[in-house]
J.: 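I have a structure here, written as structure tokens, and I will follow up with some questions on it.
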Amino acid sequence: MVSSIDVAKLAGVSQATVSRVLNDPDKVNKPTLDKVNAAIRQLNYRPNAAARSLISRKSGVIAIVSGPLDNPDNVEFTNETIKRIQERGFIAEIHLQDSSNPESVLLSVQNTQAEGIILGSVVIDEIAIAKLKKTGIPLMFFNMEPAANELTASLDNRSAGAAAAEYINSLSHSNVGWLGGEPSESHLQLRYQGFQECAKANNMNILRAMAAIDDLDAPLSAMLARKERPTAIIAATDMIAYRAMDFLVDYGYRIPDDISLLGIGNAPLSAMSYMNLSSIGISGDRDIYSDGVDRLVKAIEEGGANKSVEMKYAPVLFERKSTRKI
């Protein structure tokens, strides 16, 4: 196996010079840099990544913390973020949160050697965030809106909830159901707050059902059993809307003839012909994943762990066949 000693001999320099070329090339004069790089190419030398990280204190790794992959939103977040990380020359390190034990993944990621950490829509409280910040590793929050002084890239969740209410109101629905959003999911609570404020301003009757995504049957049944049942349901996420769609179809409701259904998030599945779900999301010409990863990489390069940059994306309506005017 070729070593840095072999490169140094061929280039006629010291091993320390080879190390500087690999880890701090800006401090090496051009003739020496060219000579060492020529020797590296000739010998097809591949430096040991672990050894380099110990020397340079740079691992070239960005950690991703995602929710369970049985949720299509988390699959999209994980896939798209990995792609953007790799395009920028970093290695993606994946940490998946177990919904039955959400704290465990946050404990493990505190010990990562990554240069940056990206968190998707995971369950996390301010105490856990404070512990992660103590590591000194830059954090980027996707589709979350934690306390101030963080790097965030997210749909403007409060405005998205308000946009959902405005749209449903424009279709003349006055009895409107809101489905989903547990207290631990702060971004979904913001969506509900925006919806509630706008719905009340338009004198809409709100029927709210709070439940985990796997436990929607009972609250949906109760909502539909009301004397003034909703003529439209807004789901806090597209995934919740998919579950509601299955329930409604199984019980003989026609969408949108009997009940209009609107999601928030505009997940890729929503545009498929078998879903055709109207949704509120981010404009197709905006790339939240590239923007967020670029900003995290900049924070890594600047060595600033806790600089605040909040990137909020205005909501856009994607009208499809699950909603109608009454």
J.: Should Leu10 and Leu43 be marked as a side chain to side chain contact (heavy atoms under 4.5 Å, CB included) after you check the CA-CA gap, both sets of side-chain angles, and the distance that decides it?
T.: CA-CA 9 Å; Leu10 180 60; Leu43 295 172; 3.8 Å; yes
J.: So, do Pro230 and Val176 sit near enough that their side-chain heavy atoms are less than 4.5 Å apart?
T.: no
J.: Listing request: all salt bridge (Lys or Arg N to Asp or Glu O under 4.0 Å) pairs with a residue in residues 190-212, at least two apart in sequence or in separate chains.
T.: Arg158-Glu197
J.: If you take all heavy atoms of Ala241 and Gly263, which pair is closest and at what distance?
T.: CB-CA, 4.2 Å
J.: Can you see whether Gln110 engages Thr135 through a side-chain donor-acceptor pair at a distance of less than 3.5 angstrom?
T.: no
J.: Measure the CG-CG distance between Asn276 and Leu269 for me, rounded to the nearest 0.5 Å.
T.: 12.0 Å
J.: By side chain to side chain donor-acceptor pair (under 3.5 Å), which residues pair with Gln113, not counting sequence neighbours?
T.: none
J.: When you measure from the side chain of Gln97 to the backbone of Val123, do you find a donor-acceptor pair of N or O atoms at a distance under 3.5 Å?
T.: yes
J.: With sequence neighbours excluded, what pairs up with Asp287 under the salt bridge (Lys or Arg N to Asp or Glu O under 4.0 Å) test?
T.: Arg84
J.: Which atom pairs, donor and acceptor, lie under 3.5 Å between side-chain atoms of residues 33-42 and protein residues at least two apart or in another chain?
T.:
{"unit_1": "Asp34", "atom_1": "OD2", "unit_2": "Lys30", "atom_2": "NZ", "d": "2.8"}
{"unit_1": "Asn37", "atom_1": "ND2", "unit_2": "Leu33", "atom_2": "O", "d": "3.3"}

J.: Should Leu277 and Ile259 be counted in the same cluster of Ile, Leu, Val, Met, Phe, Trp and Tyr side chains packed under 4.5 Å apart?
T.: yes
J.: Going by side chain to side chain donor-acceptor pair (under 3.5 Å), name the residues that satisfy it together with Asn202, two or more places apart in sequence or in a different chain.
T.: Asn169
J.: With side chains defined as the heavy atoms from C-beta onward, is the minimum distance between Val7 and Gln15 less than 4.5 Å?
T.: no
J.: Check whether Thr237 reaches the backbone of Ile240 with its side chain - one donor and one acceptor, N or O, closer than 3.5 Å.
T.: yes
J.: Taking the side chain as every heavy atom from C-beta outward, state whether Asn175 and Arg229 have any atom pair closer than 4.5 Å.
T.: no
J.: Counting distance only, does the side-chain N/O of Thr17 pair as donor-acceptor with the main-chain N or O of Val13 below 3.5 Å?
T.: no
J.: Ile234 and Tyr167: same hydrophobic cluster, using ILVMFWY side-chain contacts below 4.5 Å?
T.: yes
J.: Counting N and O atoms only, with roles assigned by atom type, does the side chain of Asn143 sit under 3.5 Å from a partner on the main chain of Ser154, one being a donor and the other an acceptor?
T.: no
J.: Return the CD1 to CD distance between Ile82 and Glu93, rounded to the nearest 0.5 Å.
T.: 11.5 Å
J.: Not counting sequence neighbours, which residues clear side chain to side chain donor-acceptor pair (under 3.5 Å) with Asp98? List them please.
T.: Ser100
J.: In the single-linkage hydrophobic clustering (I, L, V, M, F, W, Y; side-chain heavy atoms under 4.5 Å), do Leu107 and Val122 co-cluster?
T.: no
J.: Indicate whether the side chain of Arg320 and that of Asn266 have a donor and an acceptor atom separated by less than 3.5 Å.
T.: yes
J.: For the atom pair CG (Asn157) and NZ (Lys312), what is the distance rounded to the nearest 0.5 Å?
T.: 8.0 Å
J.: Check whether any side-chain heavy atom of Leu69 lies under 4.5 Å from a side-chain heavy atom of Thr78, and answer yes or no.
T.: yes
J.: Nearest heavy-atom pair of Phe318 and Ile282: which atoms, and what distance?
T.: CZ-O, 3.4 Å
J.: Can you measure from CG (Asp291) to CE (Met140) and round to the nearest 0.5 angstrom?
T.: 9.0 Å
J.: Is the closest side-chain heavy-atom distance between Leu220 and Leu179 below 4.5 Å?
T.: yes
J.: Any donor and acceptor pair, going by atom type alone, linking the side chain of Glu115 with main-chain N or O of Ile62 inside 3.5 Å?
T.: no
J.: Mind checking whether Tyr192 and Met210 sit in one hydrophobic cluster, side chains of I, L, V, M, F, W, Y counted as touching below 4.5 Å?
T.: no
J.: Report yes or no: do Val297 and Ile118 belong to one cluster of Ile/Leu/Val/Met/Phe/Trp/Tyr joined by side chain heavy-atom distances under 4.5 Å?
T.: yes
J.: Write out all pairs satisfying ring pair (Phe, Tyr, Trp, His ring centres under 6.0 Å) with one or both partners inside residues 238-276, taking only residues at least two apart or from two chains.
T.: Phe247-Tyr251
J.: Would you name the heavy atoms of Ala209 and Met223 that are closest together and state the gap between them?
T.: CB-CE, 3.7 Å
J.: Determine whether Leu132 and Ile137 satisfy the following criterion, side chain to side chain contact (heavy atoms under 4.5 Å, CB included), listing intermediate values before the conclusion.
T.: CA-CA 8 Å; Leu132 286 178; Ile137 301 171; over 6 Å; no
J.: Find out whether Ile206 and Phe195 are in side-chain contact, i.e. whether some heavy atom of one side chain is under 4.5 Å from a heavy atom of the other.
T.: yes
J.: For Ser172, what residues pass the side chain to side chain donor-acceptor pair (under 3.5 Å) criterion, not counting sequence neighbours?
T.: Lys325
J.: Quick check: do Ile117 and Val109 have side-chain heavy atoms less than 4.5 Å from each other?
T.: yes
J.: Looking at Asn74 and Gly67, what are the two nearest heavy atoms and their distance?
T.: ND2-C, 3.3 Å
J.: If you look only at pairs with a residue in residues 93-142, which of them pass as a ring pair (Phe, Tyr, Trp, His ring centres under 6.0 Å), with sequence neighbours excluded?
T.: Phe77-Phe142, Phe142-Tyr289
J.: Look at the side chain of Ser159 and the backbone N and O of Asp156, then say whether any donor-acceptor pair between them is shorter than 3.5 Å.
T.: no
J.: Using side-chain heavy atoms (C-beta onward) and a distance below 4.5 Å, is Lys134 in contact with Lys131?
T.: no
J.: Pairs in or reaching into residues 232-253: which pass salt bridge (Lys or Arg N to Asp or Glu O under 4.0 Å), with residues at least two apart or in two chains?
T.: Asp214-Arg243
J.: How far does CE of Met239 sit from CD of Glu76, to the nearest 0.5 angstrom?
T.: 13.0 Å
J.: Can you tell me if Glu228 has over 12 outside heavy atoms packed within less than 6.0 Å of its CD?
T.: no
J.: Side chains of Ser279 and Ser270: donor-acceptor distance under 3.5 Å anywhere?
T.: no
J.: Which pairs pass salt bridge (Lys or Arg N to Asp or Glu O under 4.0 Å) with one or both residues in residues 161-171, sequence neighbours excluded?
T.: none
J.: Does the salt bridge (charged side-chain N to carboxylate O under 4.0 Å, His left out) test come out yes or no for Glu80 and Lys83, once each step is laid out?
T.: CA-CA 5 Å; Glu80 295 297 330; Lys83 188 189 303 181; 3.7 Å; yes
J.: Any sub-3.5 Å donor-acceptor pair from Asp6's side-chain atoms to Ser3's backbone N or O?
T.: yes
J.: Short question: side chain of Ser104, backbone of Asn101 - any donor-acceptor pair under 3.5 Å?
T.: yes
J.: Atom CD1 in Ile233, atom CD1 in Ile168: separation rounded to 0.5 Å?
T.: 10.0 Å
J.: Is there a donor-acceptor pair under 3.5 Å between the side chain of Ser322 and the backbone N or O of Leu261?
T.: yes
J.: Can you see whether Ser260 engages Thr323 through a side-chain donor-acceptor pair at a distance of less than 3.5 angstrom?
T.: no
J.: Test of understanding: with salt bridge (Lys or Arg N to Asp or Glu O under 4.0 Å), list the residues that count as partners of Asp294, not counting sequence neighbours.
T.: Arg88
J.: Does any N or O in the side chain of His173 come within less than 3.5 Å of the main-chain N or O of Arg324, such that one atom is a donor and the other an acceptor?
T.: yes
J.: Show, in sequence, the C-alpha distance, side-chain angles and deciding distance for Ile124 and Met144, and conclude whether the side chain to side chain contact (heavy atoms under 4.5 Å, CB included) test is met.
T.: CA-CA 10 Å; Ile124 185 169; Met144 299 171 65; 3.3 Å; yes
